[in-house]
Amino acid sequence: MKNPVPAAPLYLILLLAVTPSPARGAEGVTLEGLEYGGEILYMRTAGPVDGPSVLLLHGAKYDSGTWEKLGTLQKLAAAGYRAVALDLPGYGRSRRVRSRPDSFLVDVLPKLDIGRPIVVAPSMSGSFSFPLLVEHPDWVAGFVPVAPVGALDYAKSNRKVSIPALVIWGEKDRLFPPLQAQELADSFRDSKVLILPGASHAAYLDQPAAFHAALLEFAAGPASARSGDPD
């Protein structure tokens, strides 16, 4: 898959490897670095490089390692997806750079050379992902917000984006009321709401099995229809 935007040098840093599970045939997870803003932006990747892609962002208390510990990267890889989990600037191994959340993904996504990904955006990462949807909805194959920051502001914009969305919320989210889930879902022409019973704000941590099952089911739709790259 070629990207029409010149890719920044991608340095493979084999600092980390996860032993594949023979039972599931999971791909290994590697830590890679991308030169960005004079620093190295780190990410964990898994799965075939030519597979349909899933971009995993994270909340303020977490980083890309969350998706490895939870097994999300491995499960996506085992299902044939190219899974990329970013350490956002100032989180995990990535150092702070001069970059604003509202322009970060617009700048970085073409450099990842992963085509049109499904974007998984929990909590804080809503401030990174919603601007991408506004400016370049055609760069995204599907959207999985998990109680994201900015949900109501985006919902009130009265946009009806054609991107399919799976809106996930924890039933016992104390930061953002679960009622916001339907308001956000109504901003998309093709959407589904999943309220995870008994789950808190980081719903995927409390109900990982249900989260993974829903994510894989949702991803199968956009994966069969996507084509093209960000440009």
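Position 1 is the first residue of the sequence; numbering continues from there.
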Practice prompt. Check salt bridge (Lys or Arg N to Asp or Glu O under 4.0 Å) between D186 and all other residues, then give those that pass, not counting sequence neighbours.
Written response: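 Once residues adjacent in sequence are excluded, D186 has no partner under the salt bridge (Lys or Arg N to Asp or Glu O under 4.0 Å) criterion.
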
Gap between atom [atom2] of [Y] and atom [atom1] of [X] - 0.5 Å precision:
X: E171; Y: S200; atom1: CD; atom2: OG; answer: 11.0 Å
X: S127; Y: F104; atom1: OG; atom2: CZ; answer: 11.0 Å
X: L73; Y: S64; atom1: CG; atom2: OG; answer: 7.5 Å
X: W139; Y: E135; atom1: CH2; atom2: CD; answer: 8.5 Å
X: I114; Y: L109; atom1: CD1; atom2: CG; answer: 5.5 Å
X: L194; Y: F211; atom1: CG; atom2: CZ; answer: 9.5 Å

Worksheet item: What heavy-atom pair brings D173 and A147 nearest, and what distance separates the two atoms?
Response: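 Closest heavy-atom pair between D173 and A147: OD2-CB, 3.3 Å.
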
Would you call [X] and [Y] a side-chain contact if the rule is heavy atoms closer than 4.5 Å?
X: L70; Y: E68; value: no
X: L133; Y: F188; value: yes
X: R82; Y: P48; value: no
X: L76; Y: Q74; value: no
X: I163; Y: P137; value: yes
X: L56; Y: V84; value: no
X: T72; Y: V54; value: no

Discussion item. Any donor-acceptor pair under 3.5 Å linking the side-chain atoms of D63 with those of H58?
Written reply: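 No, no side-chain donor-acceptor contact under 3.5 Å.
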
Discussion item. Between R189 and S162, is there a side-chain donor-acceptor contact under 3.5 Å, judged purely by atom types and distance?
Written reply: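 Not at all, the side chains of S162 and R189 share no donor-acceptor pair under 3.5 Å.
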
Please report whether the ring centroid of [Y] lies less than 6.0 Å from that of [X].
X: Y36; Y: Y42; result: no
X: Y204; Y: W67; result: yes
X: F143; Y: F218; result: no

Check: [X] side chain, [Y] main-chain N or O, donor-acceptor pair, under 3.5 Å:
X: E183; Y: L152; value: no
X: R116; Y: V140; value: yes
X: D87; Y: M43; value: no
X: S191; Y: A185; value: yes
X: S129; Y: S125; value: yes
X: H212; Y: P208; value: yes
X: W169; Y: L179; value: no
X: Q207; Y: P197; value: yes

Discussion item. Just to verify, what does D153 make a side chain to side chain donor-acceptor pair (under 3.5 Å) with, not counting sequence neighbours?
Written reply: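 Not a single residue meets the side chain to side chain donor-acceptor pair (under 3.5 Å) criterion with D153.
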
Worksheet entry | By side chain to side chain donor-acceptor pair (under 3.5 Å) - contacts of D102 (at least two apart) |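 D102: side chain to side chain donor-acceptor pair (under 3.5 Å) contacts with R100.
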
